[in-house]
Amino acid sequence: MLELTFLREHRDETEARLAKRNIDAKGLIEHAIELDGVRRSTQTELDGTQAELNALSRSVGELMKGGKKEEAEAAKAKSAALKDGIARLKERLEASEKSLQDHLVTIPNAPNAKVPPGSTPEENTVVMQEGAIPELGPNAKPHWELGEEYGFLHMDLGVKLTGAGFPVYSGQGARLQRALIAFFLDKATEAGYREIIPPHMVNAASAFATGQLPDKEGQMYHATVDDLYLIPTAEVPITNLYRDEIIDADKLPIKNVGYTPCFRREAGSYGAHVRGLNRVHQFDKVEIVRVEKPENSYAALEEMVEHVKGLLRALELPYRQLLLCGGDMGFSSAMTYDMEVFSAAQQRWLEVSSISNFETFQTNRLKLRYRGEDKKPRLAHTLNGSALALARIVAALIENNQGPDGIRIPKALQPYTGFTLITK
RNA sequence: GGAGAGGUGGCAGAGCGGUCGAAUGCGGCGGUCUUGAAAACCGCUUUGCUCGCAAGGGCAACGGGGGUUCGAAUCCCUCCCUCUCCGCCA
């Protein structure tokens with residue numbers, strides 16, 4: 001959620017930044033300012049009336065003590081009218097706060113100045129590309145065929161147990177998952193991230209604070225009996241660790257990493273391009289999450305990108321870095337890089353990481369602040385990125401490394417898998 | 001799941017209908033003293049909203065919500081959470 005005071009004081013800037021998303025920025029902001037005006041005038045009026053009543057109540061106490069019974073009764077009678085007014089004003093204030101809130105929640109984050117305008121993935125910028133794209137020849141198979149052939153991935157069993165999009169890994173496939181998770185966690189720990197094992201379900205307040213609610217309600221699995229949500233990413237619980245906190249400036253930056261399974265309903269996305277592991281309802285992901293001072297957050301973003309690049313290089317995967325255009329960015333993000341690996345058998349790029357700076361968009365909802373040099377609490381910046389998301393990494397890894405003898409495991413991963421080749 | 005106890009400031013812990021945003025202690029910050037440090041002493045030490053150019057005001061918050069009252073941290077209702085005991089259980 002955008003900061004109201006910032007929006008008020010930097011109206012033109014916010015409008016210009018927001019316009020990159022190809023939405024009616026002017027209209028959205030105008031309406032917000034208007035609703036805020038109503039809220040503020042109501043607040044002022046209510047405060048004044050409440051002050052009057054407070055003074056009156058105090059005088060009643062003093063009159064009683066002084067034995068002036070009649071005067072006290074007169075004051076009591078006077079307070080009735082004030083109370084009426086206060087009740088009405090409170091209602092009005094609540095209503096105006098609610099309409100303001102309801103409106104603010106519909107405004108996406110304002111993109112950073114560097115973000116290219118645009119509305120489709122075609123308008124994203126390719127920042128860089130690295131790694132040789134393997135020539136597999138005509139007999140190359142997509143990962144879902146390889147998985148079946150080698151017997152380590154079973155989409156059909158997942159259907160039996162749960163439904164489409166819930167893969168079952170077995171044998172070397174299961175071990176490969178575990179190896180990747182351990183490898184990613186170790187690399188993040190080396191880079192100074194603290195490992196977190198969070199709950200895999202969160203309450204509505206947490207889902208709201210990181211922006212899953214109300215914006216992406218339909219994307220999450222909802223356990224209605226207890227009103228809990230299955231996390232779509234570790235970002236949700238890990239970022240919410242700091243909800244309602246004021247952190248001393250010298251404690252920043254905070255760098256956390258967590259592995260969790262991720263659950264996404266992905267309602268309405270079916271077809272050939274989502275076969276196999278390309279898009280599933282449950283996948284494993286190692287996520288890095290940072291809390292930063294505003295002046296450092298963009299340097300942190302680049303640092304996170306470098307970290308992810310290191311992982312992709314170690315896995316010997318051809319990859320590229322995309323700077324998302326305004327219209328393709330997530331609702332809460334101010335700037336997002338996507339990392340994609342090339343899946344040689346499918347001849348397409350697969351998104352395996354999304355690294356974003358949310359600036360104060362999340363912390364405003366989280367009420368996550370830090371105390372700077374001036375001792376005043378200010379909203380911190382939050383960032384997060386996948387490092388990395390497993391299912392598609394596995395897809396690309398096994399497709400790109402298929403050969404006549406089996407599927408080759410990259411060197412960096414071999415200490416973790418305990419084998420160098422996936423065989424039949 | 002059953003029974004009981006309790007939720008107050010960074011922490012500990014008072015307050016149990018009025019002047020209590022809240023005693024006191026600890027911690028933290030600033031100062032005095034000291035060659036320096038410690039001790040001692042003095043002062044300061046929550047957050048949000050709002051009015052104001054500012055100085056400085058006002059309002060709200062004692063787990064959440066509602067109620068009683070001229071007035072609630074204090075009384076009542078309700079929800080949530082924590083702890084103890086019992087039951088169940090990886």
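Below, chain A is the first sequence line, B the second, and so on; all start at residue 1.
Considering only heavy atoms from C-beta on, A/Thr233 comes within 4.5 Å of A/Arg264 through its side chain.
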Tabulate below the donor-acceptor pairs under 3.5 Å that side-chain atoms of residues 88-98 of chain A make, not counting sequence neighbours, or state none.
{"from": "A/Ser96", "atom 1": "OG", "to": "A/Arg92", "atom 2": "O", "distance (Å)": "3.3"}
{"from": "A/Ser96", "atom 1": "OG", "to": "A/Leu93", "atom 2": "O", "distance (Å)": "2.8"}
{"from": "A/Lys98", "atom 1": "NZ", "to": "A/Asp102", "atom 2": "OD2", "distance (Å)": "2.7"}

Report, one line per pair, each donor and acceptor closer than 3.5 Å where one atom sits in a side chain of residues 377-389 of chain A; sequence neighbours left out.
{"from": "A/Arg378", "atom 1": "NH1", "to": "A/Tyr370", "atom 2": "OH", "distance (Å)": "3.2"}
{"from": "A/His381", "atom 1": "ND1", "to": "A/Ser297", "atom 2": "OG", "distance (Å)": "2.8"}
{"from": "A/Thr382", "atom 1": "OG1", "to": "A/Gln362", "atom 2": "OE1", "distance (Å)": "2.8"}
{"from": "A/Asn384", "atom 1": "ND2", "to": "A/Glu235", "atom 2": "OE1", "distance (Å)": "3.3"}
{"from": "A/Asn384", "atom 1": "ND2", "to": "A/Glu235", "atom 2": "OE2", "distance (Å)": "3.4"}
{"from": "A/Ser386", "atom 1": "OG", "to": "A/Ser354", "atom 2": "N", "distance (Å)": "3.1"}

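Atom name C1', nucleotides B/C75 and B/G9: the rounded distance is 24 Å, in whole Å. If you take atom P in B/G10 and the same atom in B/U47, they sit 8 Å apart, rounded to whole Å. Remark: the separation of the C1' atoms in B/U46 and B/A73 is 16 Å, to the nearest Å. Using atom C1' as the reference point in both B/U8 and B/G25, the two lie 16 Å apart (nearest Å). Separating the P atom of B/A60 from that of B/G21 is a span of 10 Å, rounded to the nearest Å. Separation of the C1' atoms belonging to B/C16 and B/A22 is 13 Å when rounded to the nearest angstrom. Distance noted for atom C1' between B/G63 and B/U74: 16 Å (whole Å). Using C1' as the reference atom, B/C33 and B/G48 are 40 Å apart when rounded to the nearest Å.
In this structure, CG of A/Leu89 is placed 16 Å from P of B/U50, rounded to the nearest angstrom. Atom CG of A/Asp227 and atom P of B/C80 are 12 Å apart (whole Å). In this entry the distance linking CD of A/Glu97 with P of B/U50 reads 10 Å, nearest Å. In this structure, A/Lys90 atom NZ and B/A61 atom C1' are separated by 12 Å, rounded to whole Å.
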Please enumerate all protein N or O atoms sitting under 3.5 Å from an N or O of nucleotides 65-70 of chain B, with distances to 0.1 Å.
{"from": "B/C70", "atom 1": "O2'", "to": "A/Ser57", "atom 2": "OG", "distance (Å)": "2.9"}

Polar-atom pairs under 3.5 Å, protein N or O versus N or O of nucleotides 43-47 of chain B: list them with distances, or write none.
{"from": "B/U47", "atom 1": "OP1", "to": "A/Arg371", "atom 2": "NH1", "distance (Å)": "2.4"}
{"from": "B/U47", "atom 1": "OP1", "to": "A/Arg371", "atom 2": "NH2", "distance (Å)": "2.9"}
{"from": "B/U47", "atom 1": "O3'", "to": "A/Arg369", "atom 2": "NH1", "distance (Å)": "2.9"}

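Within the shown strands, nothing qualifies as a pairing partner of B/U74 under the Watson-Crick or G-U definition with both distances less than 3.5 Å. The partner of B/A60, taking Watson-Crick or G-U wobble pairs whose two distances both stay under 3.5 Å, is B/U47. Nucleotide B/G10 is matched to B/C26 when pairs are restricted to Watson-Crick or G-U wobble geometry with both distances under 3.5 angstrom. Across all strands shown, B/C83 is found opposite B/G4 as a Watson-Crick or G-U wobble partner, with both distances under 3.5 Å.
In this structure A/Lys251 satisfies the side-chain contact (heavy atoms from CB on, under 4.5 Å) test together with A/Ile247, A/Asp248, sequence neighbours excluded. Annotation: side-chain contact (heavy atoms from CB on, under 4.5 Å) contacts of A/Glu73 (sequence neighbours excluded): A/Lys76. Applying the ring-ring contact (aromatic ring centres under 6.0 Å, His included) rule to A/Tyr337 yields no partners; only residues at least two apart in sequence or on another chain are considered. With sequence neighbours left out, the side-chain contact (heavy atoms from CB on, under 4.5 Å) criterion links A/His10 to A/Phe6, A/Glu13, A/Thr14. Take A/Gln177 and apply the side-chain contact (heavy atoms from CB on, under 4.5 Å) test, not counting sequence neighbours, and it matches A/Tyr169, A/Asp284, A/Leu390, A/Val394.
The aromatic rings of A/Tyr221 and A/Phe166 are tilted relative to each other, their planes meeting at an angle between 30° and 60°. Taking the six-membered ring for Trp and thresholds of 30 and 60 degrees, A/His307 and A/Tyr193 have ring planes inclined between 30 and 60 degrees apart.
When heavy atoms are screened at a 4.0 angstrom cut-off, A/Arg8 is found touching the sugar-phosphate backbone but no base atom.
For the contact set between residues 28-48 of chain A and RNA chain B, defined by any heavy atom under 4.0 Å, the members are A/Arg39, A/Arg40, A/Gln43, A/Thr44, A/Asp47.
Residue pairs meeting the ring pair (Phe, Tyr, Trp, His ring centres under 6.0 Å) criterion with at least one partner in residues 64-102 of chain A, sequence neighbours excluded, do not occur; the list is empty. Sorted by first and then second residue, the pairs that involve residues 76-117 of chain A and meet ring pair (Phe, Tyr, Trp, His ring centres under 6.0 Å), not counting sequence neighbours, are A/His31-A/His103.
Distances shown here put a side-chain N or O of A/Gln50 below 4.0 Å from the OP1 or OP2 atom of B/A60. In terms of phosphate contacts, A/Asn54 brings a side-chain nitrogen or oxygen within less than 4.0 Å of OP1 or OP2 of B/C59.
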Could you go through the side chain to side chain donor-acceptor pair (under 3.5 Å) check for A/Thr120 and A/Glu123 one step at a time?
CA-CA 6 Å; A/Thr120 65; A/Glu123 290 163 274; 3.0 Å; yes

